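What follows is a set of notes on a single structure, which appears directly below.
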2 protein chains.
Amino acid sequence: MNSGSDAPQARRRLPPAARTPQILRAALEEFAERGYAGARMAAVASRAGIAKGLIYHYFSSKEALFQATVRACTQPLFEEAERHLAGHAGPARELLGALMRMGYARISADRQERILFRLIITEAERFPDLARFYREEMLARATGIARAVLRAGVAAGEFRPEVADMPGLAEVVLAPVLMASVWRMILGEGDAPAPEAMREAHLDLLLHGLEAPRAPR
Amino acid sequence: MNSGSDAPQARRRLPPAARTPQILRAALEEFAERGYAGARMAAVASRAGIAKGLIYHYFSSKEALFQATVRACTQPLFEEAERHLAGHAGPARELLGALMRMGYARISADRQERILFRLIITEAERFPDLARFYREEMLARATGIARAVLRAGVAAGEFRPEVADMPGLAEVVLAPVLMASVWRMILGEGDAPAPEAMREAHLDLLLHGLEAPRAPR
DNA sequence: CTGCTTATTGACCATCCGGTCAGTAACTCC
DNA sequence: GGAGTTACTGACCGGATGGTCAATAAGCAG
């Protein structure tokens, strides 16, 4: 099914640097489809086009494979947003709009990211390492970006001064994007609230809610 | 473990009307802790203080037990909010504040509700019935409440007229409450963003973002 | 080509788990 | 108290699954 392009047909020796990501990709698919408990090591092997035993040559157990899988996916997640943030010069409200478009677009396009999020939601309680990883490497990074935008807006006089360091505000600003993703996981593409509508409403609410009164237009 | 109060010590015959909720409660605990695939029927039986076979006297399979478990929990979920909505007379912004306090308080207090939500997130893709149930009985009800508040505010001249029927806005308004719940599931009580801070920031953002401008821009 | 290293295999094991069933006893009705 | 109903038990089964290991062969150095 998945193995059209990269599955070896016969026994084919590969250096670990090539085999490892192949296994991790297969594992992400399997964990995503079945959850941790439901995933079968034999199915991971089959998706990767290798024998089950080989997985244990690279990962000591199912749990080790799971942790490695989650970690391997978060690398490129925030890079784009952070690049955007660093390179932006214009008004904060445009930056906000651009980041919002990026966030909601990702929710629509990137199924792997939703899947990853669901895995974290599902398994964090059982794997404290995973919860810590989410908190430090994902949530903190995301709220950091939101806070930076808020502060930039205040510094430029676009936003009300109070919003610069209001506790909980970054999380509130972020939440609808994430919930759009969650709803799409639960209900599927057809029945979930439309991300574009949410994005427009979200942006409208934020701009009216954050903006300093009598904003120059 | 859980069976301090209602677990029978020896064979004790109970009418189905008493046994069924006992099994459902045990099942909720087990499903919540392990997910669908990870839950063991023997553990459900043990939590309920009965033999495994008895479960199959009441439910035909693991899946039937799961569906019944989810359905049994949603009854009282929205009743309070809807009662509040129907009985309110004052300004919409006070109604909004009251509903917000209620929502965030529930997230803090009611662990079962968070658990239920996670079960839905986790398993909806595999059980289309469950997704439909969530859409119709939970999300639609919740957005309905939010929309009613928005319309009431517009009707009273408190909110900008555009917000009465802006597509996606009800979902955006709702999202932070739900994300507060999700974060609490993932990170636990200690490390999740504080619901009180989120509530205050959320309310502040909403009131500024929804309110009709007093002075023309 | 020869021999060494190690990536790779697939049969195998022990265990666990959903589901069954034949038997048992608690409760009810007469 | 006797008979009938049915809630209840727990041993058991078949299949699935995480994990092991000895054999195998691909690639490489000489």
Side-chain angles (χ1 to χ4, degrees), chain A residues 3 6-69 119 123 126-127, chain B residues 3 6-70 119 122-123 126-127:
Chain A
S3 45
D6 54 3
Q9 44 282 46
R11 173 182 285 216
R12 172 83 187 286
R13 193 191 181 95
L14 283 184
R19 195 61 91 189
T20 306
Q22 189 186 32
I23 295 174
L24 288 174
R25 242 177 299 136
L28 176 62
E29 284 179 25
E30 176 70 8
F31 281 126
E33 224 164 84
R34 313 261 188 157
Y36 177 76
R40 292 162 298 155
M41 296 298 272
V44 173
S46 159
R47 282 177 197 265
I50 57 173
K52 192 178 64 168
L54 188 54
I55 299 176
Y56 289 90
H57 189 70
Y58 291 97
F59 301 96
S60 64
S61 68
K62 189 184 187 182
E63 179 171 341
L65 175 63
F66 177 67
Q67 300 257 2
T69 301
L119 269 176
E123 309 297 343
R126 234 165 319 168
F127 300 106
Chain B
S3 46
D6 53 3
Q9 45 282 50
R11 174 180 284 214
R12 170 83 187 285
R13 192 191 180 96
L14 284 184
R19 193 62 88 189
T20 305
Q22 188 186 32
I23 295 174
L24 287 174
R25 240 176 301 135
L28 177 63
E29 284 179 26
E30 177 69 8
F31 281 126
E33 223 165 85
R34 313 262 188 155
Y36 178 76
R40 291 162 301 158
M41 296 298 271
V44 174
S46 160
R47 281 175 198 267
I50 58 174
K52 192 178 64 168
L54 187 54
I55 298 176
Y56 290 91
H57 189 69
Y58 291 97
F59 302 94
S60 63
S61 68
K62 188 185 188 181
E63 178 172 342
L65 175 63
F66 177 66
Q67 301 257 2
T69 301
V70 173
L119 270 176
T122 309
E123 309 297 340
R126 234 163 318 173
F127 300 106

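Nothing here was measured: the structure is a model prediction, and the numbers come from that model.
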Given atom [atom1] of [X] and atom [atom2] of [N], what is their separation to the nearest angstrom?
{"X": "B/Tyr56", "N": "D/dA7", "atom1": "OH", "atom2": "P", "value": "18 Å"}
{"X": "B/Arg19", "N": "C/dA26", "atom1": "CZ", "atom2": "P", "value": "13 Å"}
{"X": "B/Ile55", "N": "D/dT9", "atom1": "CD1", "atom2": "P", "value": "10 Å"}
{"X": "A/Leu65", "N": "D/dG18", "atom1": "CG", "atom2": "C1'", "value": "12 Å"}
{"X": "A/Leu54", "N": "D/dT20", "atom1": "CG", "atom2": "P", "value": "14 Å"}
{"X": "A/Phe66", "N": "D/dG18", "atom1": "CZ", "atom2": "P", "value": "14 Å"}

Does A/Ser60 or B/Pro16 map to a spot on DNA chain D nearer the 5' end, using the closest nucleotide for each?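 The 5'-side residue here is B/Pro16.
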Any donor-acceptor pair under 3.5 Å linking the side chain of [X] with the backbone of [Y]?
{"X": "A/Thr20", "Y": "A/Pro16", "result": "yes"}
{"X": "B/Glu30", "Y": "B/Arg40", "result": "yes"}
{"X": "A/Lys62", "Y": "A/Tyr36", "result": "yes"}

Gap between atom CD1 of B/Ile50 and atom CD1 of B/Ile23 - 0.5 Å precision: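 Rounded to the nearest 0.5 Å, the CD1-CD1 separation comes out at 4.0 Å.
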Rounded distance (nearest 0.5 Å) linking atom CG of A/Leu65 with atom CZ of A/Phe31: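 That separation rounds to 4.5 Å.
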Could you go step by step and tell me if B/Arg47 and B/Glu33 meet the salt bridge (Lys or Arg N to Asp or Glu O under 4.0 Å) rule? CA-CA 12 Å; B/Arg47 281 175 198 267; B/Glu33 223 165 85; 3.0 Å; yes
Out of C/dG18, D/dG18, D/dT9, which has the shortest distance to the side chain of B/Ala51?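 Nearest to the side-chain atoms of B/Ala51, counting from C-beta on, is D/dT9.
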Does [N] have its OP1 or OP2 closer than 4.0 Å to a side-chain nitrogen or oxygen of [X]?
{"X": "B/Arg13", "N": "C/dT28", "value": "no"}
{"X": "B/His57", "N": "D/dC8", "value": "no"}
{"X": "A/Tyr58", "N": "C/dA7", "value": "no"}

For nucleotides 12-17 of chain C, just jot down a letter per nucleotide in 5' to 3' order: B, S or -, based on protein non-hydrogen atoms under 4.0 Å. -----S
Begin with the C-alpha distance, continue with both residues' side-chain angles, and end with the deciding distance and a verdict on side chain to side chain contact (heavy atoms under 4.5 Å, CB included) for B/Leu54 and B/His57. CA-CA 5 Å; B/Leu54 187 54; B/His57 189 69; 3.8 Å; yes
